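One structure is given below, encoded as structure tokens.
Since the structure is predicted, the reported quantities are computational estimates derived from the model, not experimental observations.
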Amino acid sequence: MFDLTTGLSYAFFMLCLVLGWGAAGALDYDGILRRSTSRWGRFLLRIGVALVLAEGFRIFLSFVLGPVLDLVVNKSINGFKAF
């Protein structure tokens, strides 16, 4: 039902979401998020920007970390095959 792979996938998405949330706040140079009239409008806009940036972080980190994880996992699996 809930295995390690699923847990790591959710943890990776949460990491990307946190990075996206931080980047959404850091990229608000002109105060676009603060110009919105309502508090909920600003919050929803920041969530939208954070989700888009989180997807960008997910794709980027997948290309960067994916080959490294494959290398580590394949070596560990090949090491266990010898036994």
Side-chain angles (χ1 to χ4, degrees):
M1 195 168 3
F2 188 79
D3 57 350
L4 182 62
T5 305
T6 306
L8 289 175
S9 296
Y10 282 119
F12 182 65
F13 176 71
M14 292 304 294
L15 171 71
C16 291
L17 192 59
V18 167
L19 288 172
W21 183 264
L27 291 174
D28 189 25
Y29 296 123
D30 295 328
I32 296 169
L33 295 176
R34 283 178 246 140
R35 285 188 205 159
S36 182
T37 56
S38 69
R39 182 177 183 163
W40 286 105
R42 288 190 304 250
F43 183 70
L44 290 175
L45 183 62
R46 187 163 179 180
I47 285 178
V49 171
L51 286 173
V52 170
L53 291 172
E55 184 64 18
F57 279 119
R58 187 189 66 81
I59 292 170
F60 173 73
L61 290 175
S62 294
F63 280 114
V64 170
L65 297 178
V68 173
L69 290 176
D70 284 343
L71 186 75
V72 170
V73 169
N74 286 336
K75 280 190 175 180
S76 68
I77 290 173
N78 291 334
F80 284 118
K81 286 180 183 177
F83 292 108

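W40 contributes atom CH2, which lies 14.5 Å from atom CG of L45 (distance to the nearest 0.5 angstrom). Rounded to the nearest 0.5 Å, atoms CZ (F12) and CZ (F57) are 11.0 Å apart.
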Run the side-chain donor-acceptor check on residues 15-23: report pairs under 3.5 Å with partners two or more places apart or on a different chain.
none

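In the hydrophobic clustering (ILVMFWY side chains linked at under 4.5 Å, chained through shared members), F63 is joined by I59.
Residue pairs that meet the salt bridge (charged side-chain N to carboxylate O under 4.0 Å, His left out) test with at least one member in residues 48-61, sequence neighbours left out, are E55-R58.
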